[in-house]
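The figures here come from the full heavy-atom set of this structure, side chains too, leaving out hydrogens, waters and symmetry mates. Chain naming here is simple, since letters A, B, ... match the order of the sequence lines and numbering starts at 1 in each.
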Amino acid sequence: GDSVTQMEGPVTLSEEAFLTINCTYTATGYPSLFWYVQYPGEGLQLLLKATKADDKGSNKGFEATYRKETTSFHLEKGSVQVSDSAVYFCASWVGGGADGLTFGKGTHLIIQP
Amino acid sequence: EAGVAQSPRYKIIEKRQSVAFWCNPISGHATLYWYQQILGQGPKLLIQFQNNGVVDDSQLPKDRFSAERLKGVDSTLKIQPAKLEDSAVYLCASSLTGGGWQKLFFGSGTQLSVL
């Protein structure tokens, strides 16, 4: 079945460091891909998405590029801030009638000042 | 704009008891989802409603879980009887229309502990 694999956390970085959180997917067909973020005490919220190969999603300084050849959608940010500390979830949607997303296990990111 | 409201925030019950969770989606959102998130895992879809009809409940354990959205607005999710493995956070989400590419708006969830 469809699945999403993310790097395990926690990931601890210093402020202004470069961030990469790896995400790979397996799917029948070509899914839409998403990154959701959960800040402490809040619900999940959409960070960015890409719906076809080579698309780049971006928001709040974060970027991710849909790479069909490597089945990946890695999340990157050039300079992280303490306020970026959260849990990040990669997710996919293949379609075919059902709209539910397939989520990865989440990566806890901790940014130290 | 008000977000997705869920209650209660926390619930502790003993196994074999019953429990119910409530969700009020964003006004005007036709599609409502219930997800289950077990500690250390990503959310897993339990059921999807489009207005008051069920679109997908293939992963809902129907022998113990039930859900309804009678007037196409609020929804309740019930577990009866609860098992230890039902301990999880139950997330409600809504979107303006159906379609997996749509932006989902999540509530803060109900954390269930089954003892």
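- For chain A, no part of B:Leu46 is nearby; none of its heavy atoms comes within less than 4.5 Å.
- With sequence neighbours left out, the side-chain hydrogen bond (donor to acceptor under 3.5 Å, both in side chains) criterion links A:Gln45 to A:Glu42.
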> After noting the C-alpha distance and the side-chain angles of B:Gln102 and B:Thr97, does the key distance pass the side chain to side chain donor-acceptor pair (under 3.5 Å) rule?
Replying inline: CA-CA 7 Å; B:Gln102 294 282 344; B:Thr97 64; 2.9 Å; yes
> When you look at A:Thr24 and A:Thr71, which way does the side chain to side chain donor-acceptor pair (under 3.5 Å) test go after all the steps?
Replying inline: CA-CA 6 Å; A:Thr24 57; A:Thr71 63; 5.7 Å; no
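- Remark: B:Gln59 pairs with B:Lys44, B:Leu45 by the side chain to side chain contact (heavy atoms under 4.5 Å, CB included) rule, at least two apart or across chains.
- Between chain B and the options A:Leu46, A:Thr102, A:Val87, heavy-atom pairs under 4.5 Å are most frequent for A:Leu46.
- Listed options A:Leu101, A:Leu33, A:Leu44 were ranked by heavy-atom pairs under 4.5 angstrom with chain B; first place goes to A:Leu44.
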